[in-house]
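If you read the sequence from its start, that first residue is 1, and numbering goes on from there. Atom set for the values below is all heavy atoms of this structure, side chains included, hydrogens, waters and symmetry mates excluded. Start at 1 and go down the list; that is how both ligands and their atoms are numbered.
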Amino acid sequence: PFQCVLTGLWRNDVGSRMQIDRVNEDGSFSGKYHTAVSLTENSIKPATLIGSQQLSEGGQPTFGFTVNWKSFSESTTVFTGQCYVGENGKEILQTMWLLREKVDPQNNWGATRVGTNIFTRTK
Ligand SMILES: O=C(CCCC[C@@H]1SC[C@@H]2NC(=O)N[C@@H]21)Nc1ccc([N+](=O)[O-])cc1
């Protein structure tokens, strides 16, 4: 059905906002990610996201997307997760992410953080 097509505006549990422009026939999409939090003092700027979602019949699709942060210490986040439709008919995105910062080889061991985020649609 039309639910869990990711086009639209989303907000997560740390207050970040994500705008997904359009989901193409092959499930690919792009948009903008406005993070509410960062690990650097640099001013936060919106970043481009690109990803793809399953469009199979069964609904409640899995998806993934990548955000390359600009103007932060050079870093990249990859999100992966699934869209669920609750009893109240509301969609939520359960996601986990890996945040990789650019480091010298000797610091490679500690350069990747992991976490979770839940997204809901904003009006
Ligand atoms: O700060 C950054 C870039 C912004 C990351 C925001 C993350 S993405 C996963 C989580 N969900 C969100 O909505 N927002 C957070 N990069 C950065 C800066 C400095 C360092 N550092 O270690 O100095 C590492 C990464």
Side-chain angles (χ1 to χ4, degrees):
F2 63 95
Q3 286 195 298
C4 282
V5 175
L6 299 182
T7 305
L9 282 176
W10 300 87
R11 175 188 290 273
N12 73 14
D13 50 289
V14 293
S16 298
R17 284 165 297 107
M18 167 166 79
Q19 174 199 317
I20 294 181
D21 296 332
R22 173 191 74 256
V23 177
N24 301 310
E25 278 176 14
D26 62 359
S28 63
F29 58 80
S30 61
K32 286 282 180 224
Y33 199 99
H34 302 246
T35 182
V37 295
S38 81
L39 291 166
T40 171
E41 305 309 314
N42 295 355
S43 67
I44 293 178
K45 292 189 178 57
T48 300
L49 69 90
I50 60 171
S52 70
Q53 69 163 104
Q54 299 286 12
L55 289 173
S56 56
E57 293 316 301
Q60 305 207 131
T62 58
F63 57 88
F65 59 91
T66 300
V67 187
N68 275 325
W69 306 102
K70 306 292 177 205
S71 85
F72 292 90
S73 81
E74 193 165 318
S75 58
T76 300
T77 302
V78 294
F79 288 83
T80 190
Q82 186 170 353
C83 179
Y84 293 106
V85 182
E87 283 76 42
N88 57 5
K90 292 208 182 322
E91 298 150 296
I92 71 159
L93 308 182
Q94 288 280 1
T95 73
M96 289 193 73
W97 48 261
L98 296 170
L99 168 55
R100 170 71 197 215
E101 64 165 311
K102 182 178 182 181
V103 297
D104 292 334
Q106 65 272 23
N107 297 324
N108 175 65
W109 63 271
T112 306
R113 292 174 169 81
V114 62
T116 61
N117 279 134
I118 296 180
F119 294 79
T120 51
R121 284 198 190 274
T122 57
K123 289 293 143 262

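Of the candidates Tyr33, Phe72, Phe119, Phe72 brings a heavy atom nearest to atom 2 (C) of ligand 1. For atom 23 (O) of ligand 1, the candidate residues are Thr35, Leu39, Thr77, Thr76; the nearest heavy-atom contact is made by Leu39. Nearest to atom 10 (C) of ligand 1 by heavy-atom distance, out of Thr112, Asn117, Thr116, is Asn117.
The number of heavy atoms from other shown groups lying within 6.0 Å of CD1 (Ile50) does not exceed 12. Enclosure of atom CD in Gln106 by more than 12 non-hydrogen atoms of other residues, nucleotides or ligands within 6.0 angstrom is indicated. Other residues, nucleotides and ligands place no more than 12 heavy atoms under 6.0 Å from the CD atom of Glu74. Applying the 6.0 Å contact sphere to CZ of Arg100 captures more than 12 heavy atoms from other residues, nucleotides or ligands.
Residue contacts with ligand 1: Ser16 is placed with a nitrogen or oxygen under 3.5 Å of a nitrogen or oxygen of the ligand (distance criterion only). The shortest N/O to N/O separation between Ser75 and ligand 1 falls below 3.5 Å. Close N/O approach between Glu101 and ligand 1 is found [any backbone or side-chain N/O within under 3.5 Å].
In this structure, atom 15 (C) of ligand 1 lies nearest to the protein heavy atom Val37 CG2, 3.7 Å. Given atom 19 (C) of ligand 1, the protein heavy atom at minimum distance is Ser73 OG, 3.1 Å.
Below 4.0 Å from some heavy atom of Arg113 lie the following atoms of ligand 1, by number and element: 22 (O), 24 (C). Per-residue contacts place Ser38 under 4.0 angstrom from the following atoms of ligand 1 (heavy atoms of the residue considered): 1 (O).
Shortest non-hydrogen contact noted between Thr66 and Thr76 is CG2-CG2, 3.7 Å. The minimum heavy-atom distance between Trp69 and Ala47, with the atom names listed, is CE3-CB, 3.8 Å. Residues Arg17 and Arg11 share a closest heavy-atom pair of CD-NH2, 3.6 Å.
Using a 3.5 Å distance cut-off with no hydrogens or angles, the side chains of Lys102 and Ser75 do not pair a donor with an acceptor.
When non-hydrogen atoms are compared, ligand 1 lies under 4.0 Å from the side chain of Val14 (C-beta onward) but not from its backbone. Counting heavy atoms closer than 4.0 Å to ligand 1, residue Asn12 contributes side-chain atoms (C-beta onward) but none from N, CA, C or O.
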